[in-house]
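The structure appears below as structure tokens.
FYI, side chains are in, hydrogens and waters are out, and symmetry mates aren't considered; it's all heavy atoms of this structure. Just so we're on the same page: letters track the sequence lines, and every chain starts at 1.
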Protein chains: 2
Amino acid sequence: MQRDSSTEDRILASARKIFLDRGLEGARMQDIADDAGINKALLHYYFRNKEKLFDTIFVQVVDEFLPRIFAILNGDQPLFEKIKLFCSEYIGQIIQTPYVPMFIIQEVNRDPQRFIKKVMHGKHPPFQKIIAQINQEIKQGIIKPTNPVQLLLNIISLCIFPFLARPMIQTVTGMSNKDFFHLMEQRSEEVCSMIIYSIKA
Amino acid sequence: MQRDSSTEDRILASARKIFLDRGLEGARMQDIADDAGINKALLHYYFRNKEKLFDTIFVQVVDEFLPRIFAILNGDQPLFEKIKLFCSEYIGQIIQTPYVPMFIIQEVNRDPQRFIKKVMHGKHPPFQKIIAQINQEIKQGIIKPTNPVQLLLNIISLCIFPFLARPMIQTVTGMSNKDFFHLMEQRSEEVCSMIIYSIKA
DNA sequence: GTCTATAACTCGATAGAC
DNA sequence: GTCTATCGAGTTATAGAC
């Protein structure tokens with residue numbers, strides 16, 4: 001709780017924290033109010049209801065996360081450089097905000113329509129360019145013939161999954177938080193070289 | 001709803017369906033009762049409360065899912081065969097029950113203690129054998145020097161992640177259910193050959 | 001075992017004073 | 001803008017008849 005910032009900002013910061021931790025259904029307006037140092041009534045004064053408050057946070061979180069993927073994938077670098085960039089930037093980013101991937105996946109699963117309406121609406125399919133690039137580099141003989149969609153799935157899977165399954169991984173292996181994040185820092189390089197090795201001609 | 005089976009079995013079948021679809025917090029006892037063709041009071045007669053009913057389903061689902069992983073990983077085949085087995089068996093299995101991975105991940109995230117108490121308690125760490133095998137095959141020169149934990153993470157990530165992110169993937173790419181499952185059927189072979197290619201000496 | 005009725009409680013939302 | 005007090009809907013859980 002930050003007593004010095006404006007009420008609305010404190011609400012947003014607290015809502016983000018609680019929603020990221022527990023999702024829409026798990027979060028309690030009371031807990032958000034407590035964390036922000038105000039009462040429930042004031043939450044409704046600023047954001048008319050729970051849904052609207054959640055929407056604000058959801059869009060905020062998704063809009064600072066997904067564009068990073070697409071920005072790198074749609075850049076102008078050669079494919080190998082993109083992959084390298086993606087792995088290091090992306091895993092680095094998730095290490096800073098490890099709850100974000102699970103939050104997004106969970107909420108898109110619970111209500112895909114919200115995602116379509118609030119986030120995707122009006123945006124064009126963001127994978128066109130990278131798919132074209134993959135096909136072109138195949139034709140040029142830089143990489144082996146590869147299904148572009150599978151390749152993209154591979155990259156994203158390898159980077160994100162461990163953070164989704166983190167509680168289970170740590171439970172099953174007995175890793176501490178420190179162990180886990182250390183493993184993830186190594187992983188960036190690991191994933192990158194594996195992907196590139198698997199596709200280079 | 002199966003009118004011919006016993007009440008308890010019908011409750012379990014309905015609870016499984018509803019809990020898998022919506023999780024502990026999203027599921028309503030009323031919906032489970034409706035689906036089973038009985039009333040709420042009878043749910044409490046058979047399973048004292050929602051938690052206990054959920055625990056039963058959770059343990060059931062996890063116990064028929066995780067052991068499949070461990071059985072293959074702890075078998076006696078050479079590593080390459082294990083990986084091949086794992087990819088085909090595992091993706092094939094998930095295609096049959098595509099909601100299971102998300103259900104498990106979500107509920108372990110929400111309450112890791114339940115997982116520890118109800119599932120892991122008393123079981124020994126299940127990755128010892130496969131890790132030893134990986135290290136041995138490295139020493140024998142069959143596979144390249146590799147961090148065993150990263151390798152296992154890679155295999156599991158590649159197989160499971162697409163099913164966790166399925167609603168988002170289908171939204172972003174515009175794939176139909178049929179398209180998606182077709183892609184996943186190809187994927188088994190795809191993942192297998194990629195992994196093996198990346199580690200063979 | 002199975003039902004109806006309802007108690008007990010949680011939680012989002014609102015009224016109204018300051 | 002911010003608070004206290006309270007309403008009312010929705011849910012789990014129980015009492016008690018059959």
Side-chain angles (χ1 to χ4, degrees), chain A residues 1-61 103 106-107 110-111 113-114 117-118, chain B residues 1-61 103 106-107 110-111 113-114 117-118:
Chain A
M1 198 220 342
Q2 319 93 310
R3 268 240 149 277
D4 47 342
S5 47
S6 80
T7 302
E8 183 164 347
D9 287 347
R10 274 185 294 134
I11 291 175
L12 286 170
S14 298
R16 186 185 169 108
K17 184 162 81 178
I18 305 286
F19 279 134
L20 271 175
D21 193 39
R22 307 184 211 160
L24 171 59
E25 281 174 343
R28 296 289 156 253
M29 293 296 265
Q30 185 65 62
D31 296 334
I32 296 173
D34 289 349
D35 189 86
I38 57 171
N39 57 35
K40 276 189 298 177
L42 211 51
L43 287 183
H44 288 87
Y45 175 80
Y46 279 92
F47 301 86
R48 218 153 55 77
N49 54 40
K50 190 184 181 184
E51 283 272 307
K52 286 196 197 315
L53 178 53
F54 179 81
D55 278 349
T56 307
I57 301 298
F58 181 70
V59 170
Q60 186 186 102
V61 169
F103 171 76
Q106 180 175 343
E107 296 302 329
R110 207 184 42 75
D111 182 4
Q113 287 308 314
R114 184 193 315 270
K117 270 191 205 150
K118 305 279 170 180
Chain B
M1 199 218 345
Q2 318 92 309
R3 268 241 149 277
D4 48 341
S5 47
S6 80
T7 302
E8 183 165 349
D9 287 346
R10 275 186 293 133
I11 291 174
L12 286 171
S14 298
R16 186 185 167 109
K17 183 161 81 176
I18 305 285
F19 279 135
L20 270 175
D21 193 40
R22 308 185 210 159
L24 170 59
E25 283 173 341
R28 296 287 157 253
M29 293 295 266
Q30 184 65 62
D31 296 335
I32 296 173
D34 290 350
D35 189 86
I38 57 171
N39 57 32
K40 278 186 296 175
L42 210 51
L43 287 183
H44 288 87
Y45 174 80
Y46 280 92
F47 302 85
R48 217 156 55 78
N49 55 41
K50 190 182 179 183
E51 284 273 306
K52 286 197 197 313
L53 178 54
F54 179 80
D55 277 348
T56 307
I57 301 298
F58 181 70
V59 171
Q60 185 186 101
V61 169
F103 171 76
Q106 180 175 339
E107 296 302 329
R110 207 183 42 74
D111 183 3
Q113 287 307 313
R114 184 193 316 269
K117 268 192 208 150
K118 305 280 171 181

Listing time: all N or O pairs from protein to nucleotides 5-10 of chain C that are below 3.5 Å?
none

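- Put simply, CG on A/Leu43 is 14 Å from C1' on C/dT14, counting in whole angstrom units.
- Residue pairs that meet the ring-ring contact (aromatic ring centres under 6.0 Å, His included) test with at least one member in residues 23-43 of chain B, sequence neighbours left out, do not exist here.
- For B/Arg10 (side chain) and B/Ala36 (main-chain N/O), a donor-acceptor pair under 3.5 Å exists by modelled atom type.
- Using a 4.0 Å heavy-atom cutoff across all strands shown, A/Ala27 reaches sugar-phosphate atoms only and no base atom.
- The nearest whole Å value for the distance from the OH atom in B/Tyr45 to the C1' atom in D/dG16 is 15 Å.
- Nearest to the side-chain atoms of A/Ile38 among the listed nucleotides D/dC3, D/dA13, C/dC3 stands D/dC3.
- Residue A/Thr7 places at least one side-chain N or O under 4.0 Å from the OP1 or OP2 atom of D/dT2.
- For residues 46-60 of chain B, proximity to DNA chain C is found at B/Tyr46, defined as any non-hydrogen atom under 4.0 angstrom from a strand atom.
- Atom CZ of A/Arg10 is separated from atom C1' of D/dG1 by 12 Å (rounded to the nearest Å).
- Summarising the geometry, the separation between CG on A/Asp34 and C1' on C/dC11 is reported as 13 Å, rounded to the nearest angstrom.
- Across the protein-nucleic acid pair, B/Ile18 atom CD1 and D/dT11 atom P stand 13 Å apart, rounded to whole Å.
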Worksheet item: Under the side-chain contact (heavy atoms from CB on, under 4.5 Å) criterion, do B/Leu53 and B/Ile11 qualify, and how do the steps go?
Response: CA-CA 9 Å; B/Leu53 178 54; B/Ile11 291 174; 4.2 Å; yes
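- Applying the salt bridge (Lys or Arg N to Asp or Glu O under 4.0 Å) rule to pairs touching residues 40-51 of chain B yields B/Glu51-B/Arg114, sequence neighbours excluded.
- In this structure, B/Tyr46 has no ring-ring contact (aromatic ring centres under 6.0 Å, His included) partners at least two apart in sequence or on a different chain.
- Applying the side chain to side chain contact (heavy atoms under 4.5 Å, CB included) test to B/Glu107 and every residue at least two apart in sequence or in another chain returns B/Leu24, B/Phe54, B/Phe58, B/Phe103, B/Arg110.
- The phosphate of C/dT2 (OP1 or OP2) has no side-chain N or O of B/Asn39 nearer than 4.0 angstrom.
- At whole-Å resolution of the value, CG in A/Leu42 and P in D/dA5 are 16 Å apart.
- At whole-Å resolution of the value, CE in B/Met29 and P in D/dT12 are 7 Å apart.
- For the pair B/Ile32 CD1 and D/dA13 P, the computed distance is 11 Å after rounding to whole Å.
- With sequence neighbours excluded, the residues that form a side-chain hydrogen bond (donor to acceptor under 3.5 Å, both in side chains) with B/Lys118 are B/Asp55.
- Residue A/His44 has no polar side-chain atom (N or O) positioned under 4.0 Å from OP1 or OP2 of C/dT14.
- Residue pairs meeting the side chain to side chain donor-acceptor pair (under 3.5 Å) criterion with at least one member in residues 18-32 of chain B, sequence neighbours excluded: B/Arg22-B/Asp31, B/Gln30-B/Asp34.
- Residues meeting the side-chain hydrogen bond (donor to acceptor under 3.5 Å, both in side chains) test with B/Glu8, sequence neighbours left out: none.
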